[in-house]
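Taking it in order: structure first as structure tokens, then the write-up.
These numbers come from a predicted model, not from an experiment.
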Amino acid sequence: RSGYSCYESGLGERLHQRLALESHMRDALVLQQFALHYQPIVDLKSGRIIAAEALLRWEDADGVRHGPAEFIPIAEESGLILPLGEWALKTACMQTRQWLDQGFQIGVAVNLSTRQFQDPDLLEKVAFVIADCGLPPSRLELEITEGAAMLDPESSVKVLGTLKNIGVRIAIDDFGTGYSSLSYLKRIPADTIKIDKSFVDGVSEESEDRAIVRAILALAHALDKHTVAEGIETTEQKLALETAGCAWGQGHLFSPPLPAEQFQMLLAGGREITRAIERQR
């Protein structure tokens, strides 16, 4: 009433593509087409791999590779992210247990989506998985974005607190992009602050990015939290972060995300990451 709407044929086409992709994702879960790749988190000084971040990948039956930016939002909207997230959590924990059994002292970081973080059964699901896999809780770090944590700060503090109580580590991802209140930040029981790649890009130059990174590192130090810089691509960025006091980092300078078998070869190589970086200097 008292208005009008204009039909655009492209809207119907985009809706059809979205529904088709959602249907393919449901089939992919049944057919086990999803996989986890692991990107090393490295001690910047020693080059030692201390943990791995588990990242979802999907290659469909036709060999088409779908990027996370393509399918994760649809999984969130449709609710598929819950079974997909549970699968990723269990797979990452089982793999890490295997690496521990082989003598590799490593932990794993698993991302929690906004939908998962709001799941009232989250604590029970996490507790069951780590018990079922026999994984020490401290070897699992759950990553939640700063933006997701700030959607309901009071609830976030409670949920993260319950996860901490069972021994799981907590990381705040994409830090610096969510405009969070410092009063809530100091209450969130996070062990690690991950510095967003958008700030790491300019850290090797005298820029606003470098100033922001230094401020984040100073804040993390004051709150007694570890720091991981994401998206390190050059030796200059690594050295600038090291000089500023950042302990850990990840990015293509060290390694892209790898299938479990290739990541294990990287672990077995010991200090090969350090040697590769030294050759670039």
Side-chain angles (χ1 to χ4, degrees), residues 28 33-60 63-73 75 84-85 87-89 91-96 98-99 102 104 106-113 140-143 145 171 173-175 177 192 194-204 209 213 227-242 246-281:
Q33 292 174 349
F34 288 99
L36 288 182
H37 285 196
Y38 299 86
Q39 185 171 41
I41 298 173
V42 177
D43 182 296
L44 294 182
K45 288 187 177 180
S46 68
R48 182 173 60 91
I49 299 174
I50 58 169
E53 180 177 357
L55 298 163
L56 270 170
R57 296 292 184 265
W58 174 27
E59 182 174 330
D60 65 24
V64 177
R65 296 180 179 179
H66 301 272
E70 178 185 2
F71 66 84
I72 291 294
L84 184 56
W87 173 85
L89 177 64
T91 302
C93 288
M94 289 177 61
Q95 181 62 72
T96 306
Q98 290 178 25
W99 284 330
Q102 294 173 35
F104 300 115
I106 192 172
V108 67
V110 178
N111 292 280
L112 286 181
S113 71
L140 172 64
E141 185 167 75
L142 296 175
E143 295 189 6
T145 65
D173 199 12
D174 299 340
F175 188 83
T177 63
T192 305
K194 302 196 75 173
I195 304 172
D196 189 69
K197 182 185 184 304
S198 61
F199 302 125
V200 172
D201 287 343
V203 74
S204 59
D209 287 342
V213 167
T227 50
V228 176
E230 298 182 288
I232 302 175
E233 297 180 349
T234 68
T235 305
E236 290 74 22
Q237 290 172 346
K238 173 189 174 292
L239 293 175
L241 289 161
E242 219 178 316
C246 185
W248 301 336
Q250 65 185 102
H252 279 67
L253 175 66
F254 310 110
S255 171
L258 299 170
E261 299 80 7
Q262 294 181 32
F263 185 85
Q264 183 166 323
M265 292 173 62
L266 199 63
L267 288 173
R271 293 178 61 85
E272 289 303 315
I273 284 185
T274 305
R275 295 190 186 113
I277 295 170
E278 291 294 336
R279 286 196 293 270
Q280 293 184 41
R281 291 185 178 178

Exercise. Under the salt bridge (Lys or Arg N to Asp or Glu O under 4.0 Å) test, which residues partner Glu236, sequence neighbours left out?
Worked result: none
For this session: Give the minimum heavy-atom separation between Gln33 and Asp60, together with the two atoms involved.
Result: OE1-CA, 3.6 Å
For this session: Might you point out which heavy atoms bring Ser198 and Asp196 nearest each other, and give the distance in Å?
Result: OG-OD2, 2.5 Å
Exercise. Can you list the residues that meet the side-chain contact (heavy atoms from CB on, under 4.5 Å) rule with Asp209, with sequence neighbours excluded?
Worked result: Phe199, Ser207
Exercise. Going by atom types only, do Gln264 and Gln102 share a side-chain donor-acceptor pair under 3.5 Å?
Worked result: yes
Problem set entry | Min side-chain heavy-atom separation Thr235-Leu239 under 4.5 Å | yes
Exercise. Hey, mind stepping through Leu140 and Leu142 against side-chain contact (heavy atoms from CB on, under 4.5 Å) and telling me if it holds?
Worked result: CA-CA 7 Å; Leu140 172 64; Leu142 296 175; 4.1 Å; yes
For this session: Walk me through it: do Val213 and Ile195 pass the test side-chain contact (heavy atoms from CB on, under 4.5 Å)?
Result: CA-CA 7 Å; Val213 167; Ile195 304 172; 4.1 Å; yes
Exercise. With a 4.5 Å limit on heavy-atom distance, are the side chains of Arg65 and Trp58 in contact?
Worked result: no
Problem set entry | Sub-4.5 Å side-chain heavy-atom contact between Ile106 and Phe263 | yes
Problem set entry | Close side-chain approach of Leu55 and Leu36, heavy atoms under 4.5 Å | no
Exercise. Can you tell me how far CZ of Phe34 sits from OG1 of Thr91, rounded to the nearest 0.5 angstrom?
Worked result: 12.0 Å
Problem set entry | side chain to side chain donor-acceptor pair (under 3.5 Å) against Gln262, all qualifying residues, sequence neighbours excluded | none
Exercise. Are the side chains of Leu44 and Ile232 in touch, meaning some heavy atoms are under 4.5 Å apart?
Worked result: yes
For this session: Keeping the roles fixed (side chain from Gln39, backbone from Leu258), state whether a donor-acceptor pair exists under 3.5 Å.
Result: no
Seminar exercise, completed: Between Ala54 and Val110, the two heavy atoms sitting closest are CB-CG2, 4.4 Å
For this session: Only counting residues at least two apart or in another chain, list the ones meeting side-chain contact (heavy atoms from CB on, under 4.5 Å) with Thr192.
Result: Glu141, Arg169, Ala171, Lys194, His226, Val228
Exercise. Nearest 0.5 Å, what's the OG-CD1 distance between Ser113 and Ile72?
Worked result: 7.5 Å
Problem set entry | Student check: side-chain heavy atoms of Arg57 and Pro68 closer than 4.5 Å | yes
Problem set entry | Sequence-distant partners of Ser204, side chain to side chain donor-acceptor pair (under 3.5 Å), two or more places apart | none
Exercise. How would you list, by chain and number, every residue that makes a side chain to side chain donor-acceptor pair (under 3.5 Å) with Gln237, sequence neighbours excluded?
Worked result: none
Problem set entry | Listed partners of Asp201 passing salt bridge (Lys or Arg N to Asp or Glu O under 4.0 Å), at least two apart | Lys197
Exercise. Is there a side-chain contact between Glu53 and Asn111 (heavy atoms, below 4.5 Å)?
Worked result: yes
Exercise. Which residues satisfy the side-chain contact (heavy atoms from CB on, under 4.5 Å) test with Thr145, sequence neighbours excluded?
Worked result: Ala148, Asp173, Asp174
Problem set entry | Test side-chain contact (heavy atoms from CB on, under 4.5 Å) applied to Pro73 - qualifying residues, sequence neighbours left out | none
Problem set entry | Verdict with supporting geometry, Ser255 and Leu266, side-chain contact (heavy atoms from CB on, under 4.5 Å) | CA-CA 9 Å; Ser255 171; Leu266 199 63; 3.9 Å; yes
Problem set entry | Nearest-0.5 Å distance, CG of residue Leu56 to NE2 of residue His66 | 13.5 Å
Exercise. Side chains of Asp43 and Trp248: does their closest heavy-atom pair fall under 4.5 Å?
Worked result: yes
Seminar exercise, completed: Sequence neighbours excluded, the answer for ring pair (Phe, Tyr, Trp, His ring centres under 6.0 Å) partners of Tyr38 is Trp99
For this session: Would you please name every residue forming a side chain to side chain donor-acceptor pair (under 3.5 Å) with His37, sequence neighbours left out?
Result: none
